[in-house]
Amino acid sequence: MEGAQLSQMKIQETRHEREVKELNGRQAKISVETSKEVANDKTLKTKGEKDRRLREKKQNNIKRFMDEKKVSSEVLLQSL
């Protein structure tokens with residue numbers, strides 16, 4: 001029984017590490033896309049407008065990323 005439990009825990013840890021790596025990759029990609037989107041937005045005329053819009057988008061992304069990580073960690077805890 002203990003051997004089976006250790007094996008299952010190792011599988012869960014490996015799965016979680018893979019999912020976290022994928023999640024971080026997706027989040028990095030979204031961050032880069034957001035920066036490019038703001039830089040290429042022709043409706044934003046001044047640097048101040050671009051900086052403000054980039055801050056707003058980054059704040060929204062951070063909130064969403066934190067929610068995703070929270071859900072991910074809750075799923076891990078439930079599976080253990």
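Just the heavy atoms: all of them, side chains too, but no hydrogens, waters or symmetry mates, feed the values below. Quick caveat: nothing in here was measured; it's all calculated off a predicted structure.
The CG atom of Asn61 sits 6.5 Å away from the CD1 atom of Ile30 when rounded to the nearest 0.5 Å. From Arg64, atom CZ reaches atom CD1 of Ile62 across 11.5 Å, with rounding to the nearest 0.5 Å. With values rounded to the nearest 0.5 angstrom, Glu56 atom CD is found 12.5 Å from Thr34 atom OG1. The CE atom of Met66 sits 9.5 Å away from atom CD of Gln27, with the distance rounded to the nearest 0.5 Å.
Taking a 6.0 Å sphere around NZ of Lys58, one finds it holds 12 or fewer heavy atoms contributed by other residues, nucleotides or ligands.
Nearest heavy-atom pair across Lys45 and Glu49 is N-OE1, 2.6 Å. Closest of all the heavy-atom pairs between Lys57 and Val38 is CD-CG2, 3.6 Å.
The shortest side-chain heavy-atom distance between Arg15 and Gln12 falls under the 4.5 Å cut-off.
Residue Val32 is found outside any hydrophobic cluster, as its side-chain heavy atoms come under 4.5 Å of no other Ile, Leu, Val, Met, Phe, Trp or Tyr.
Without hydrogens or angle criteria, Thr14 side chain to Lys10 main chain gives a donor-acceptor distance under 3.5 Å.
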Evaluate salt bridge (Lys or Arg N to Asp or Glu O under 4.0 Å) for Asp51 paired with Arg55, printing each intermediate quantity in order.
-> CA-CA 6 Å; Asp51 289 345; Arg55 268 194 318 274; 5.5 Å; no

